[in-house]
Amino acid sequence: MRAPLQFVLDFFTGGDPVQPTTLPSSPPKVWVPPVTDAQSVAPPSTSGAVEGSQPQTDASPCGFTHPAANRHAQLQGVMVSFRLERSRRKSIGFLVGADGLVVRAPGWVPLREVDAAVKEKAAWIVAKLQQFKERQTEQFQKAIEWRHGAEVPFLGRTVQLCVLERGVGRVHGQDLAPEQVLPVTVPPGASVTQVRDAAQVWLKKQAKTLFEARLHHFAPLLGVRWQKLSLSSASTRWGSARTDGHIRLNWRLIHLPISQIDYVVVHELAHLREMNHSPRFWETVGEVMPDYAERRKALRQAPVDLKED
């Protein structure tokens, strides 16, 4: 079942195929694969909006970004990047869905009136976006049964959750190699929430190790230098990049195949050269990942259903 955990990555549309990264048959617990590709974009620090322009700096952790956003606004202290579409309708309309906010307005309505209408509906818009965010997170959490023996997606494969109570002997899966097990130790009688939290600590540790390795690999190929990596838990985007070299990557990428993780990494690093989604940005991505469009498509079809930023 497709788990709707949709994040944000406003990605690409074409490129020449390249050999995809391959994984060994059994990735070890802290496995750093051989390397190949990436993502990012974020809203500007100003509160104004420019039709046809893409956000250019990192959004706040509480922000919402439509994958095809061309305007943005600060609504109730939250950065909302939305898609403005011109139509033949007679009035301004608002649609909040899995992708985010879409505003449809007649071609004759000036931008200042569109912005005013968006601000007037700020409370409704933010509330609806938050509802979608919470629903997606809940559905994703329900998709994994956080109990002993459960299968957890990891690097495009699955590992078996091995729940060990403190003070009890170690009991690994009988026919499983260590690299096929996700081991967690919890207090006796631990709740499902405690098991989930312990498993996510393990997953985040693997994510940080792997993400750092991919950043170190791709940064020299793109001629950029990243300064800091942070793990994100955002429910609207896969990653983001700032002009100061601060990269944020969603830890849930660790559930996906390495080819899709590489795509996000390259995308974010490319923003250190081009803080936009212009043709030059996509050319930069294509320098090291000619098949980025194929990877983007695969990412959008992933069980962990987030968006591009």
Side-chain angles (χ1 to χ4, degrees), residues 1-8 26-31 60-64 78 98 126-212 229-239 248-258 260-261 264 299 302-307:
M1 181 175 107
R2 184 178 174 84
L5 176 73
Q6 184 141 359
F7 283 50
V8 187
S26 303
K29 277 200 229 176
V30 186
W31 175 71
S60 74
C62 299
F64 300 92
V78 175
V126 172
K128 288 296 181 183
L129 287 169
Q130 187 64 34
Q131 286 175 16
F132 267 96
K133 171 181 173 181
E134 291 171 356
R135 188 182 311 163
Q136 289 164 354
T137 301
E138 287 171 5
Q139 289 172 334
F140 174 72
Q141 297 295 355
K142 289 176 183 177
I144 299 176
E145 296 182 30
W146 299 102
R147 57 175 178 75
H148 182 77
E151 292 189 341
V152 180
F154 180 67
L155 292 175
R157 303 175 183 274
T158 59
V159 289
Q160 190 176 97
L161 184 58
C162 182
V163 182
L164 310 172
E165 291 189 349
R166 293 195 184 103
V168 177
R170 300 184 66 81
V171 184
H172 285 289
Q174 293 193 348
D175 300 321
L176 295 177
E179 63 268 17
Q180 296 174 298
V181 175
L182 192 170
V184 298
T185 302
V186 295
S191 65
V192 171
T193 299
Q194 288 175 294
V195 173
R196 180 201 66 196
D197 291 347
Q200 290 185 352
V201 167
W202 186 91
L203 290 166
K204 289 175 182 179
K205 181 179 178 181
Q206 313 311 309
K208 188 159 190 182
T209 299
L210 177 60
F211 297 168
E212 286 179 346
L229 168 65
S230 296
L231 295 184
S232 164
S233 297
S235 62
T236 50
R237 70 168 71 197
W238 285 119
R248 287 192 179 95
L249 296 174
N250 197 295
W251 69 265
R252 292 180 178 88
L253 281 165
I254 200 65
H255 293 303
L256 306 183
I258 189 64
Q260 294 170 34
I261 296 173
V264 177
L299 185 67
V304 185
D305 191 21
L306 305 195
K307 291 181 200 162

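Throughout, numbering of the chain's residues begins at 1 and tracks the sequence. Only a predicted model underlies this, so the values are computations on that prediction, with no experimental measurement involved.
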Undergrad: For F211 and L231, work out which heavy atoms get closest and say how close.
TA: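 Taking F211 first and L231 second, the nearest heavy atoms are CD1-CD2, 3.7 Å.
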
Undergrad: Can you measure from CG (D197) to OG (S191) and round to the nearest 0.5 angstrom?
TA: 7.5 Å

Undergrad: Out of curiosity, S232 OG to R252 CZ, how far, rounded to the nearest 0.5 Å?
TA: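 Reported value, rounded in 0.5 Å steps: 8.5 Å.
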
Undergrad: Could you list the residues that satisfy side chain to side chain donor-acceptor pair (under 3.5 Å) with T158, not counting sequence neighbours?
TA: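 So T158 forms no side chain to side chain donor-acceptor pair (under 3.5 Å) with any residue.
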
Undergrad: Could you pull out the closest heavy-atom pair between E165 and P187, with the gap in Å?
TA: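 So the two residues come closest at CG-O, 4.3 Å.
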
Undergrad: CG/L256 to CG/L299 distance, rounded to the nearest 0.5 angstrom?
TA: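 Those atoms lie 6.5 Å apart.
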
Undergrad: For a quick test of reading the model, state the closest non-hydrogen atom pair linking E212 to L229 and the distance between them.
TA: CG-CD2, 3.5 Å

Undergrad: Return yes when atom NZ of K204 has more than 12 non-hydrogen atoms of other residues, nucleotides or ligands closer than 6.0 Å, and no otherwise.
TA: yes

Undergrad: Is there side-chain contact between V163 and V186, with heavy atoms separated by less than 4.5 Å?
TA: yes

Undergrad: Would you mind reporting whether L210 and L155 have side-chain heavy atoms less than 4.5 Å apart?
TA: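 Yes, side chains in contact.
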
Undergrad: Got W238 and L249 here, is their nearest side-chain heavy-atom distance under 4.5 Å?
TA: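 The answer is no; the side chains never approach within 4.5 Å.
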
Undergrad: Under the rule for side-chain contact (heavy atoms from CB on, under 4.5 Å), what residues qualify as partners of V152, not counting sequence neighbours?
TA: I144, W146, V159, L161, L182, L203, H255

Undergrad: How long is the span from the CD atom in Q160 to the NE2 atom in H148, to the nearest 0.5 Å?
TA: 6.5 Å

Undergrad: Heavy atoms only: give me the nearest W251-A207 pair and the separation to one decimal.
TA: O-CB, 3.9 Å

